[in-house]
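Every chain is numbered from 1, with letters handed out A, B, ... down the list of sequences.
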Protein chains: 2
Amino acid sequence: MSAQINIVIVEDDPVVLDGLVSFFTMQKSIQLLETFGSVEQFILWINKLDADFILLLDIQLPGRSGIEALPEIKSILPALEVIILTTFEETDVIFKALSAGACSYISKRSSLPKIKDAVEVVAQGGSYMSPAIARKIADYYKPKPKSQLTERQLEIVSGIVNGKSYKMIASDLFISLDTVRSHIKNIYKALEINSKAELIRKSYDDEL
Amino acid sequence: MSAQINIVIVEDDPVVLDGLVSFFTMQKSIQLLETFGSVEQFILWINKLDADFILLLDIQLPGRSGIEALPEIKSILPALEVIILTTFEETDVIFKALSAGACSYISKRSSLPKIKDAVEVVAQGGSYMSPAIARKIADYYKPKPKSQLTERQLEIVSGIVNGKSYKMIASDLFISLDTVRSHIKNIYKALEINSKAELIRKSYDDEL
DNA sequence: GCTCCAATCACATCTTGATGTGATTTACAT
DNA sequence: ATGTAAATCACATCAAGATGTGATTGGAGC
(Lines give C-alpha, C1' and ligand atoms only; values in the text may rest on other atoms or scores of the structure.)
Protein backbone atom coordinates (compact mmCIF):
# COMPACT_ATOMS: atom_id res chain seq x y z
CA MET A 1 0.00 0.00 0.00
CA SER A 2 2.76 2.43 0.87
CA ALA A 3 5.11 3.72 -1.77
CA GLN A 4 8.84 3.80 -1.34
CA ILE A 5 10.04 4.91 2.07
CA ASN A 6 13.36 6.74 2.23
CA ILE A 7 15.47 6.64 5.33
CA VAL A 8 18.75 8.11 6.53
CA ILE A 9 20.73 6.74 9.45
CA VAL A 10 23.03 8.64 11.80
CA GLU A 11 24.91 6.10 13.89
CA ASP A 12 28.55 5.98 14.88
CA ASP A 13 28.85 2.40 16.06
CA PRO A 14 30.08 0.45 13.00
CA VAL A 15 28.66 -2.81 14.28
CA VAL A 16 25.17 -1.44 14.76
CA LEU A 17 25.36 0.50 11.53
CA ASP A 18 26.48 -2.50 9.51
CA GLY A 19 23.60 -4.50 10.86
CA LEU A 20 21.13 -1.81 9.93
CA VAL A 21 22.64 -1.24 6.51
CA SER A 22 22.68 -4.86 5.48
CA PHE A 23 19.16 -5.34 6.80
CA PHE A 24 17.62 -2.30 5.14
CA THR A 25 19.34 -2.81 1.80
CA MET A 26 17.46 -6.09 1.63
CA GLN A 27 14.08 -4.46 2.15
CA LYS A 28 12.41 -3.56 -1.10
CA SER A 29 9.91 -1.21 0.57
CA ILE A 30 12.61 0.89 2.15
CA GLN A 31 15.38 2.83 0.47
CA LEU A 32 18.41 3.67 2.58
CA LEU A 33 19.62 6.97 1.16
CA GLU A 34 22.65 7.72 3.28
CA THR A 35 24.36 7.01 6.55
CA PHE A 36 26.43 9.32 8.71
CA GLY A 37 28.63 8.85 11.72
CA SER A 38 27.86 12.20 13.31
CA VAL A 39 25.25 14.90 13.30
CA GLU A 40 27.78 17.40 12.01
CA GLN A 41 28.17 15.42 8.79
CA PHE A 42 24.44 14.92 8.52
CA ILE A 43 23.70 18.61 8.92
CA LEU A 44 26.16 19.50 6.16
CA TRP A 45 24.36 17.07 3.92
CA ILE A 46 20.79 18.19 4.55
CA ASN A 47 21.67 21.73 3.66
CA LYS A 48 22.16 20.57 0.11
CA LEU A 49 18.64 19.47 -0.58
CA ASP A 50 15.14 19.38 0.73
CA ALA A 51 14.68 15.73 1.15
CA ASP A 52 11.81 13.43 1.89
CA PHE A 53 12.98 10.81 4.30
CA ILE A 54 12.74 9.45 7.80
CA LEU A 55 15.76 9.87 10.06
CA LEU A 56 17.02 7.13 12.33
CA LEU A 57 19.09 8.96 14.90
CA ASP A 58 21.41 7.64 17.55
CA ILE A 59 21.85 9.72 20.68
CA GLN A 60 25.29 8.75 21.81
CA LEU A 61 27.47 10.17 19.06
CA PRO A 62 30.94 11.62 18.79
CA GLY A 63 30.68 15.40 18.87
CA ARG A 64 27.18 16.70 19.38
CA SER A 65 24.66 14.27 20.73
CA GLY A 66 21.57 13.48 18.74
CA ILE A 67 19.31 15.22 21.21
CA GLU A 68 21.42 18.36 21.31
CA ALA A 69 21.37 18.57 17.54
CA LEU A 70 17.70 17.74 17.06
CA PRO A 71 16.36 21.27 17.51
CA GLU A 72 18.74 22.55 14.85
CA ILE A 73 17.87 19.71 12.51
CA LYS A 74 14.17 20.36 12.95
CA SER A 75 14.69 24.05 12.33
CA ILE A 76 16.16 23.18 8.94
CA LEU A 77 13.63 20.49 8.12
CA PRO A 78 10.59 21.12 10.29
CA ALA A 79 8.54 18.29 8.84
CA LEU A 80 11.28 15.70 9.20
CA GLU A 81 10.20 12.61 11.08
CA VAL A 82 12.83 11.44 13.52
CA ILE A 83 13.12 8.05 15.12
CA ILE A 84 15.49 7.86 18.04
CA LEU A 85 17.39 4.60 18.11
CA THR A 86 19.42 4.23 21.24
CA THR A 87 20.40 2.26 24.28
CA PHE A 88 19.31 5.04 26.64
CA GLU A 89 16.08 4.18 28.35
CA GLU A 90 16.07 6.80 31.09
CA THR A 91 12.82 8.66 31.43
CA ASP A 92 14.37 12.09 31.23
CA VAL A 93 16.25 11.25 28.05
CA ILE A 94 13.06 9.94 26.50
CA PHE A 95 11.15 13.11 27.27
CA LYS A 96 14.00 15.30 26.14
CA ALA A 97 14.01 13.50 22.83
CA LEU A 98 10.27 13.89 22.40
CA SER A 99 10.45 17.52 23.39
CA ALA A 100 13.22 18.05 20.90
CA GLY A 101 11.01 16.81 18.12
CA ALA A 102 11.43 13.05 17.88
CA CYS A 103 8.24 11.17 17.13
CA SER A 104 9.44 7.70 17.97
CA TYR A 105 11.88 6.16 20.36
CA ILE A 106 13.29 2.69 19.92
CA SER A 107 15.65 0.69 22.03
CA LYS A 108 18.66 -0.74 20.24
CA ARG A 109 17.73 -4.01 21.83
CA SER A 110 14.84 -4.14 19.39
CA SER A 111 14.99 -6.65 16.56
CA LEU A 112 15.64 -5.36 13.06
CA PRO A 113 12.09 -6.24 11.92
CA LYS A 114 10.75 -4.17 14.82
CA ILE A 115 12.82 -1.26 13.65
CA LYS A 116 11.43 -1.77 10.18
CA ASP A 117 7.93 -1.81 11.66
CA ALA A 118 8.68 1.49 13.33
CA VAL A 119 9.84 3.06 10.08
CA GLU A 120 6.66 1.93 8.35
CA VAL A 121 4.47 3.14 11.18
CA VAL A 122 6.11 6.54 11.06
CA ALA A 123 5.83 6.66 7.28
CA GLN A 124 2.08 6.30 7.76
CA GLY A 125 1.93 9.19 10.19
CA GLY A 126 1.98 7.11 13.34
CA SER A 127 4.52 6.80 16.07
CA TYR A 128 6.27 3.80 17.49
CA MET A 129 7.63 3.34 20.98
CA SER A 130 9.45 0.27 22.21
CA PRO A 131 7.43 -1.51 24.88
CA ALA A 132 9.90 -0.59 27.63
CA ILE A 133 9.88 3.03 26.49
CA ALA A 134 6.11 3.22 26.27
CA ARG A 135 5.95 1.77 29.76
CA LYS A 136 8.18 4.53 31.08
CA ILE A 137 5.93 7.12 29.48
CA ALA A 138 2.78 5.50 30.84
CA ASP A 139 4.29 5.21 34.31
CA TYR A 140 5.22 8.86 34.21
CA TYR A 141 1.57 9.75 34.49
CA LYS A 142 0.61 7.58 37.43
CA PRO A 143 2.02 8.40 40.90
CA LYS A 144 -0.82 10.55 42.18
CA PRO A 145 0.14 10.22 45.86
CA LYS A 146 -3.21 11.74 46.73
CA SER A 147 -3.47 14.97 48.53
CA GLN A 148 -2.86 15.35 52.22
CA LEU A 149 -4.67 18.67 52.09
CA THR A 150 -8.26 19.37 53.09
CA GLU A 151 -10.89 20.51 50.62
CA ARG A 152 -10.66 24.04 51.82
CA GLN A 153 -6.91 24.06 51.58
CA LEU A 154 -7.13 22.85 48.02
CA GLU A 155 -9.39 25.77 47.20
CA ILE A 156 -6.79 28.12 48.59
CA VAL A 157 -4.03 26.45 46.63
CA SER A 158 -6.10 26.65 43.50
CA GLY A 159 -6.35 30.39 43.91
CA ILE A 160 -2.63 30.76 44.45
CA VAL A 161 -1.71 28.61 41.48
CA ASN A 162 -4.04 30.64 39.33
CA GLY A 163 -2.10 33.76 40.18
CA LYS A 164 -4.58 35.36 42.52
CA SER A 165 -3.47 37.50 45.44
CA TYR A 166 -4.41 36.49 48.95
CA LYS A 167 -6.83 39.36 48.95
CA MET A 168 -8.59 38.07 45.86
CA ILE A 169 -8.70 34.58 47.24
CA ALA A 170 -10.23 35.91 50.43
CA SER A 171 -13.01 37.67 48.61
CA ASP A 172 -13.57 34.76 46.25
CA LEU A 173 -14.07 32.42 49.18
CA PHE A 174 -15.87 35.01 51.31
CA ILE A 175 -13.34 34.75 54.12
CA SER A 176 -10.92 37.22 55.59
CA LEU A 177 -7.40 37.86 54.43
CA ASP A 178 -6.09 36.57 57.72
CA THR A 179 -7.93 33.31 57.28
CA VAL A 180 -6.32 32.86 53.93
CA ARG A 181 -2.96 33.47 55.52
CA SER A 182 -3.75 31.01 58.22
CA HIS A 183 -4.66 28.36 55.68
CA ILE A 184 -1.51 28.99 53.76
CA LYS A 185 0.56 28.69 56.88
CA ASN A 186 -0.99 25.28 57.49
CA ILE A 187 -0.58 24.23 53.90
CA TYR A 188 3.11 25.12 54.01
CA LYS A 189 3.50 23.09 57.15
CA ALA A 190 1.66 20.13 55.68
CA LEU A 191 3.67 20.15 52.48
CA GLU A 192 6.91 21.06 54.21
CA ILE A 193 7.56 23.99 51.95
CA ASN A 194 7.98 27.67 52.62
CA SER A 195 7.25 29.73 49.56
CA LYS A 196 4.57 30.30 47.02
CA ALA A 197 6.91 29.24 44.24
CA GLU A 198 7.40 25.83 45.76
CA LEU A 199 3.70 25.46 46.21
CA ILE A 200 2.99 26.22 42.58
CA ARG A 201 5.71 23.84 41.47
CA LYS A 202 4.39 21.12 43.71
CA SER A 203 0.91 21.61 42.38
CA TYR A 204 2.22 20.78 38.94
CA ASP A 205 4.54 17.94 39.82
CA ASP A 206 2.27 16.11 42.21
CA GLU A 207 -0.99 17.17 40.76
CA LEU A 208 -1.42 18.22 44.37
CA MET B 1 9.02 -18.11 26.79
CA SER B 2 5.99 -16.67 28.49
CA ALA B 3 3.70 -18.86 30.52
CA GLN B 4 -0.03 -18.66 30.28
CA ILE B 5 -1.43 -15.15 30.12
CA ASN B 6 -4.83 -14.56 31.67
CA ILE B 7 -7.05 -11.78 30.43
CA VAL B 8 -10.42 -10.31 31.28
CA ILE B 9 -12.43 -8.14 28.92
CA VAL B 10 -14.89 -5.41 29.82
CA GLU B 11 -16.73 -4.41 26.66
CA ASP B 12 -20.39 -3.71 26.08
CA ASP B 13 -20.54 -3.83 22.30
CA PRO B 14 -21.57 -7.44 21.47
CA VAL B 15 -20.03 -7.27 18.02
CA VAL B 16 -16.63 -6.18 19.26
CA LEU B 17 -16.81 -8.56 22.20
CA ASP B 18 -17.71 -11.54 20.03
CA GLY B 19 -14.77 -10.80 17.78
CA LEU B 20 -12.41 -10.64 20.72
CA VAL B 21 -13.83 -13.73 22.38
CA SER B 22 -13.64 -15.91 19.32
CA PHE B 23 -10.14 -14.67 18.57
CA PHE B 24 -8.71 -15.11 22.03
CA THR B 25 -10.29 -18.50 22.64
CA MET B 26 -8.24 -19.69 19.69
CA GLN B 27 -4.95 -18.46 21.17
CA LYS B 28 -3.23 -21.14 23.18
CA SER B 29 -0.92 -18.66 24.90
CA ILE B 30 -3.79 -16.59 26.24
CA GLN B 31 -6.59 -17.65 28.54
CA LEU B 32 -9.72 -15.52 28.50
CA LEU B 33 -11.04 -15.77 32.05
CA GLU B 34 -14.17 -13.69 31.92
CA THR B 35 -15.95 -10.95 30.05
CA PHE B 36 -18.21 -8.23 31.40
CA GLY B 37 -20.50 -5.69 29.85
CA SER B 38 -19.96 -3.00 32.46
CA VAL B 39 -17.47 -1.95 35.10
CA GLU B 40 -20.09 -2.45 37.81
CA GLN B 41 -20.26 -6.15 37.04
CA PHE B 42 -16.50 -6.38 36.79
CA ILE B 43 -15.96 -4.71 40.16
CA LEU B 44 -18.37 -7.10 41.84
CA TRP B 45 -16.37 -9.96 40.41
CA ILE B 46 -12.88 -8.79 41.34
CA ASN B 47 -13.92 -8.43 44.95
CA LYS B 48 -14.24 -12.17 45.06
CA LEU B 49 -10.64 -13.05 44.39
CA ASP B 50 -7.20 -11.68 43.97
CA ALA B 51 -6.57 -12.55 40.43
CA ASP B 52 -3.63 -12.51 38.11
CA PHE B 53 -4.74 -11.19 34.79
CA ILE B 54 -4.54 -8.34 32.32
CA LEU B 55 -7.64 -6.25 31.82
CA LEU B 56 -8.84 -5.11 28.43
CA LEU B 57 -11.10 -2.19 29.20
CA ASP B 58 -13.45 -0.28 26.97
CA ILE B 59 -14.08 3.37 27.82
CA GLN B 60 -17.52 3.92 26.41
CA LEU B 61 -19.66 1.72 28.61
CA PRO B 62 -23.20 1.77 29.95
CA GLY B 63 -23.15 3.16 33.48
CA ARG B 64 -19.72 4.26 34.66
CA SER B 65 -17.13 4.83 31.98
CA GLY B 66 -13.95 2.84 32.03
CA ILE B 67 -11.85 5.87 32.89
CA GLU B 68 -14.11 6.93 35.73
CA ALA B 69 -13.94 3.48 37.23
CA LEU B 70 -10.21 2.93 36.75
CA PRO B 71 -9.08 4.62 39.95
CA GLU B 72 -11.42 2.44 41.99
CA ILE B 73 -10.35 -0.67 40.15
CA LYS B 74 -6.69 0.15 40.75
CA SER B 75 -7.38 0.79 44.41
CA ILE B 76 -8.70 -2.75 44.69
CA LEU B 77 -6.00 -4.33 42.54
CA PRO B 78 -3.05 -1.93 42.49
CA ALA B 79 -0.83 -4.17 40.41
CA LEU B 80 -3.45 -4.83 37.75
CA GLU B 81 -2.28 -4.07 34.23
CA VAL B 82 -4.93 -2.31 32.22
CA ILE B 83 -5.10 -1.99 28.47
CA ILE B 84 -7.57 0.57 27.22
CA LEU B 85 -9.30 -0.58 24.07
CA THR B 86 -11.42 2.13 22.57
CA THR B 87 -12.39 4.26 19.63
CA PHE B 88 -11.56 7.46 21.48
CA GLU B 89 -8.33 8.95 20.19
CA GLU B 90 -8.56 12.41 21.70
CA THR B 91 -5.41 13.53 23.44
CA ASP B 92 -7.14 14.46 26.68
CA VAL B 93 -8.86 11.08 26.93
CA ILE B 94 -5.54 9.34 26.34
CA PHE B 95 -3.83 11.25 29.13
CA LYS B 96 -6.75 10.80 31.47
CA ALA B 97 -6.55 7.08 30.93
CA LEU B 98 -2.81 7.01 31.58
CA SER B 99 -3.23 9.17 34.66
CA ALA B 100 -5.93 6.86 35.90
CA GLY B 101 -3.56 3.95 35.74
CA ALA B 102 -3.77 2.41 32.29
CA CYS B 103 -0.47 1.22 30.89
CA SER B 104 -1.51 0.76 27.30
CA TYR B 105 -3.96 2.35 24.94
CA ILE B 106 -5.17 0.67 21.80
CA SER B 107 -7.50 1.83 19.11
CA LYS B 108 -10.37 -0.49 18.28
CA ARG B 109 -9.34 -0.08 14.70
CA SER B 110 -6.36 -2.25 15.51
CA SER B 111 -6.27 -5.76 14.12
CA LEU B 112 -6.84 -8.64 16.50
CA PRO B 113 -3.23 -9.82 16.20
CA LYS B 114 -2.10 -6.32 17.20
CA ILE B 115 -4.27 -6.54 20.26
CA LYS B 116 -2.74 -9.89 21.02
CA ASP B 117 0.71 -8.32 20.60
CA ALA B 118 -0.27 -5.68 23.10
CA VAL B 119 -1.39 -8.26 25.63
CA GLU B 120 1.90 -10.10 25.28
CA VAL B 121 3.92 -6.92 25.53
CA VAL B 122 2.11 -5.95 28.72
CA ALA B 123 2.52 -9.45 30.13
CA GLN B 124 6.26 -8.92 29.77
CA GLY B 125 6.17 -5.66 31.64
CA GLY B 126 6.11 -3.41 28.62
CA SER B 127 3.51 -1.09 27.30
CA TYR B 128 1.87 -0.86 23.92
CA MET B 129 0.40 2.18 22.25
CA SER B 130 -1.29 2.18 18.87
CA PRO B 131 0.72 4.20 16.35
CA ALA B 132 -1.89 6.95 16.19
CA ILE B 133 -2.02 7.12 19.99
CA ALA B 134 1.73 7.16 20.35
CA ARG B 135 1.85 9.96 17.82
CA LYS B 136 -0.57 12.02 19.87
CA ILE B 137 1.60 11.51 22.91
CA ALA B 138 4.77 12.40 21.05
CA ASP B 139 3.16 15.47 19.54
CA TYR B 140 2.06 16.58 22.95
CA TYR B 141 5.66 17.27 23.83
CA LYS B 142 6.66 19.31 20.82
CA PRO B 143 5.18 22.81 20.51
CA LYS B 144 8.18 24.60 21.92
CA PRO B 145 7.28 28.01 20.55
CA LYS B 146 10.86 28.78 21.43
CA SER B 147 11.66 31.27 24.05
CA GLN B 148 11.54 34.95 23.36
CA LEU B 149 13.71 35.43 26.41
CA THR B 150 17.46 35.94 26.49
CA GLU B 151 19.85 33.54 28.12
CA ARG B 152 20.20 35.75 31.13
CA GLN B 153 16.48 36.12 31.49
CA LEU B 154 16.08 32.38 31.42
CA GLU B 155 18.56 32.09 34.25
CA ILE B 156 16.48 34.50 36.27
CA VAL B 157 13.30 32.60 35.49
CA SER B 158 14.97 29.38 36.47
CA GLY B 159 15.72 30.80 39.88
CA ILE B 160 12.18 32.01 40.35
CA VAL B 161 10.63 28.73 39.29
CA ASN B 162 12.91 26.92 41.68
CA GLY B 163 11.50 28.91 44.54
CA LYS B 164 14.41 31.21 45.15
CA SER B 165 13.94 34.75 46.38
CA TYR B 166 15.19 37.65 44.29
CA LYS B 167 17.94 38.06 46.82
CA MET B 168 19.09 34.50 46.41
CA ILE B 169 18.97 34.76 42.64
CA ALA B 170 21.05 37.89 42.82
CA SER B 171 23.77 36.26 44.85
CA ASP B 172 23.67 33.10 42.75
CA LEU B 173 24.26 35.10 39.59
CA PHE B 174 26.62 37.56 41.26
CA ILE B 175 24.49 40.55 40.35
CA SER B 176 22.59 43.06 42.42
CA LEU B 177 19.05 42.71 43.66
CA ASP B 178 18.05 45.64 41.53
CA THR B 179 19.38 43.99 38.44
CA VAL B 180 17.30 40.95 39.17
CA ARG B 181 14.28 43.18 39.53
CA SER B 182 15.12 44.90 36.31
CA HIS B 183 15.33 41.59 34.50
CA ILE B 184 12.06 40.45 35.94
CA LYS B 185 10.40 43.65 34.85
CA ASN B 186 11.57 43.00 31.31
CA ILE B 187 10.57 39.36 31.46
CA TYR B 188 7.07 40.30 32.56
CA LYS B 189 6.84 42.75 29.71
CA ALA B 190 8.10 40.22 27.20
CA LEU B 191 5.72 37.52 28.34
CA GLU B 192 2.86 39.92 28.93
CA ILE B 193 2.27 38.74 32.45
CA ASN B 194 2.37 40.51 35.78
CA SER B 195 2.96 38.13 38.59
CA LYS B 196 5.33 35.46 39.71
CA ALA B 197 2.56 32.91 39.77
CA GLU B 198 1.84 33.43 36.10
CA LEU B 199 5.51 33.16 35.32
CA ILE B 200 5.86 29.86 37.09
CA ARG B 201 2.76 28.52 35.45
CA LYS B 202 3.96 29.62 32.04
CA SER B 203 7.29 27.98 32.60
CA TYR B 204 5.48 24.71 33.01
CA ASP B 205 2.95 25.02 30.25
CA ASP B 206 5.21 26.43 27.57
CA GLU B 207 8.43 24.94 28.76
CA LEU B 208 9.37 28.57 28.49
C1' DG C 1 -18.78 15.49 78.43
C1' DC C 2 -14.35 16.06 76.53
C1' DT C 3 -10.88 16.24 73.06
C1' DC C 4 -9.07 17.04 68.61
C1' DC C 5 -9.08 19.42 64.49
C1' DA C 6 -10.61 22.22 60.62
C1' DA C 7 -11.90 26.64 59.77
C1' DT C 8 -12.42 31.08 61.01
C1' DC C 9 -10.47 35.81 62.36
C1' DA C 10 -7.13 39.40 64.62
C1' DC C 11 -2.80 41.88 65.35
C1' DA C 12 2.00 42.58 64.63
C1' DT C 13 6.24 42.58 62.11
C1' DC C 14 9.50 41.80 58.71
C1' DT C 15 10.68 40.27 54.11
C1' DT C 16 9.73 40.05 49.40
C1' DG C 17 7.80 41.46 45.24
C1' DA C 18 6.03 44.79 41.68
C1' DT C 19 6.87 48.98 39.22
C1' DG C 20 8.57 53.44 37.79
C1' DT C 21 12.36 56.44 36.46
C1' DG C 22 16.90 56.74 35.10
C1' DA C 23 21.95 55.73 34.18
C1' DT C 24 26.20 53.10 32.41
C1' DT C 25 28.67 49.66 29.74
C1' DT C 26 29.45 46.40 26.24
C1' DA C 27 28.57 44.17 22.01
C1' DC C 28 26.69 43.65 17.57
C1' DA C 29 24.96 45.30 13.29
C1' DT C 30 23.96 48.92 9.94
C1' DA D 1 30.08 56.08 13.98
C1' DT D 2 25.93 55.29 15.44
C1' DG D 3 22.01 53.08 17.05
C1' DT D 4 19.94 49.26 19.26
C1' DA D 5 19.64 45.82 22.68
C1' DA D 6 21.25 43.30 26.69
C1' DA D 7 22.95 43.54 31.05
C1' DT D 8 24.16 45.97 34.78
C1' DC D 9 23.03 48.97 39.03
C1' DA D 10 20.51 52.70 41.97
C1' DC D 11 16.68 54.89 44.48
C1' DA D 12 11.96 55.07 45.74
C1' DT D 13 7.39 53.48 46.94
C1' DC D 14 3.48 50.69 47.66
C1' DA D 15 1.42 46.12 47.57
C1' DA D 16 1.82 41.47 48.84
C1' DG D 17 3.54 37.62 51.22
C1' DA D 18 5.64 35.00 55.27
C1' DT D 19 5.41 34.04 60.10
C1' DG D 20 4.37 34.17 64.98
C1' DT D 21 1.08 34.37 68.76
C1' DG D 22 -3.40 33.75 70.10
C1' DA D 23 -8.61 33.19 70.13
C1' DT D 24 -13.39 31.34 68.79
C1' DT D 25 -16.56 28.01 66.86
C1' DG D 26 -18.57 23.76 65.31
C1' DG D 27 -18.36 19.02 64.22
C1' DA D 28 -16.47 14.08 64.61
C1' DG D 29 -15.02 10.58 67.53
C1' DC D 30 -14.32 8.41 72.03
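The shortest distance between the side-chain N/O atoms of B:Lys167 and the OP1/OP2 oxygens of C:dT16 is below 4.0 Å. For the OP1/OP2 pair of D:dA5 and a distance below 4.0 Å, the side-chain nitrogens and oxygens of B:Thr150 include no atom meeting the criterion.
Within residues 176-186 of chain B, the residues that place at least one heavy atom under 4.0 Å from DNA chain C are, in residue-number order, B:Arg181, B:Lys185.
Between the side chains of A:Thr150 and A:Arg152, no donor N or O sits under 3.5 Å from an acceptor N or O. Of the N and O atoms on the side chains of A:Ser176 and A:Thr179, at least one donor lies less than 3.5 Å from an acceptor on the other residue. A side-chain donor from one of B:Ser107 and B:Glu89 sits under 3.5 Å from a side-chain acceptor of the other.
Counting to the nearest Å, the P atom of C:dT25 and the CZ atom of B:Arg152 are 19 Å from each other. C:dC5 atom P lies 18 Å from atom CD1 of A:Ile187, rounded to whole Å. Atoms CD1 (B:Ile160) and P (C:dG17) sit 8 Å apart, rounded to a whole Å. Atom-to-atom, CG of B:Asn194 to P of D:dA15 comes out at 16 Å; the value is rounded to the nearest Å. Distance A:Ile156 CD1 to D:dG17 C1': 14 Å, rounded to the nearest Å. Spacing between atom CG of A:Leu199 and atom P of D:dT19 amounts to 12 Å, rounded to whole angstrom units. The CD-P distance, from B:Glu155 to D:dT8, rounds to 8 Å in whole Å. Distance CD1 (B:Ile193) to C1' (C:dG17): 13 Å, rounded to an integer number of Å.
In this structure, of C:dA7, C:dG17, D:dT19, it is C:dG17 that holds the atom nearest to the side chain of B:Ser165. Set against C:dT8, D:dA7, C:dG17, the side chain of A:Ile175 has C:dT8 as its closest nucleotide.
In this structure, B:Tyr188 contributes its side chain and B:Lys196 its backbone to a donor-acceptor pair below 3.5 Å.
Using cut-offs of 30° and 60° on the angle between ring planes, the pair B:Phe42 and B:Phe36 is perpendicular.
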ask   = Can A:Tyr140 and A:Phe95 be said to form a ring pair (Phe, Tyr, Trp, His ring centres under 6.0 Å), step by step?
value = CA-CA 10 Å; A:Tyr140 179 76; A:Phe95 283 107; 4.5 Å; yes

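Classification of B:Arg64 and B:Glu72 as a salt-bridged pair holds, one side-chain N sitting under 4.0 Å from a carboxylate O.
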